[in-house]
Amino acid sequence: MVLLNFTWPSFTMAVTHEEWHRSILTNQGIGSISQPFFNLKGAAYVRGVTDNTLKGFRNNDLTSFIRMYTAGIESDYMMARRSEQLAACNMDTVSILYPDFIMRVLMTSGYEELAVFYEGAEKRMNFSDIFIQNIQKEDDELERDIVGMNTFGAIHWIFYPDAECIISVR
């Protein structure tokens, strides 16, 4: 049972994380496909949107476009916060809530740390070979992960809102 408690969050976390990315697109009237389970490359995706559709989204509503990148992290934070509230008010069993809470807190802080260290890390320790070697962009634009590295993508669009590239490099 203990093993199940610590492995289950890793499966369910990707579902909520990717669905929050997709919900921003849905709110904009953009259809997409959620692939919330990790594939052989180690990534869960939201896909099925053309580059031109993403460019139109960016050009029409840059704020929501940037939020699309951070929505998955927002979901992890909100779910961890809700677990904390349930535990604090004795509305659920802490032993059930704790594994999911810990995984979400670690993932939320991990995304932030990854964004801080990503830019210089590649030069210092061949970071892309260590962490991202198997997560490459697909040739077919409808099969690509439209978000990529969450925080890094959001930061990119804040500083380069008119950049030609739509898909963040993983």
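Fair warning: this is a prediction, and the values are worked out from it, not measured in the lab. Along the sequence shown, the residues carry numbers beginning at 1.
Between S75 atom OG and M107 atom CE the span is 10.0 Å, to the nearest 0.5 Å. Distance check, rounded to the nearest 0.5 Å: CE of M91 to CG of L97 gives 10.5 Å. Taking CD of E84 as the reference point, atom SG of C89 lies at 10.0 Å (rounded to 0.5 Å).
Under the 4.5 Å side-chain heavy-atom criterion for Ile, Leu, Val, Met, Phe, Trp and Tyr, L106 and Y77 are members of distinct hydrophobic clusters. Hydrophobic cluster membership differs between M78 and L86, with clusters built from Ile, Leu, Val, Met, Phe, Trp and Tyr side chains linked at under 4.5 angstrom. Side-chain heavy atoms closer than 4.5 Å link hydrophobic residues (I, L, V, M, F, W, Y) into clusters, and following such links, possibly through other members, connects V105 to Y98. Hydrophobic clustering (side-chain heavy atoms under 4.5 Å, transitive across Ile, Leu, Val, Met, Phe, Trp, Tyr) groups I158 together with I24. M79 and V46 fall into different hydrophobic clusters, where Ile, Leu, Val, Met, Phe, Trp and Tyr are joined by side-chain heavy atoms under 4.5 Å apart, directly or via other members.
The nearest pair of heavy atoms linking Y69 to F65 is CD1-O, 3.4 Å. The shortest non-hydrogen separation linking V49 to G31 is CG2-O, 3.5 Å. Scanning both residues, M68 and H21, for their nearest heavy atoms gives O-ND1, 2.6 Å. Of all heavy-atom pairs spanning P99 and I96, the tightest one is CD-O, 3.5 Å. Here the closest non-hydrogen pair linking I66 and W157 is CG1-CB, 3.8 Å. Across all non-hydrogen atoms, the minimal contact from H17 to D76 is ND1-OD2, 3.0 Å.
Residues F57 and L25 are in side-chain contact: their nearest non-hydrogen atoms beyond the backbone lie under 4.5 Å apart. Looking at heavy atoms from C-beta onward, S64 lies in side-chain contact with Q28 at the 4.5 angstrom threshold.
Using modelled atom types, one finds a donor on one side chain and an acceptor on the other under 3.5 Å when comparing E19 with S34.
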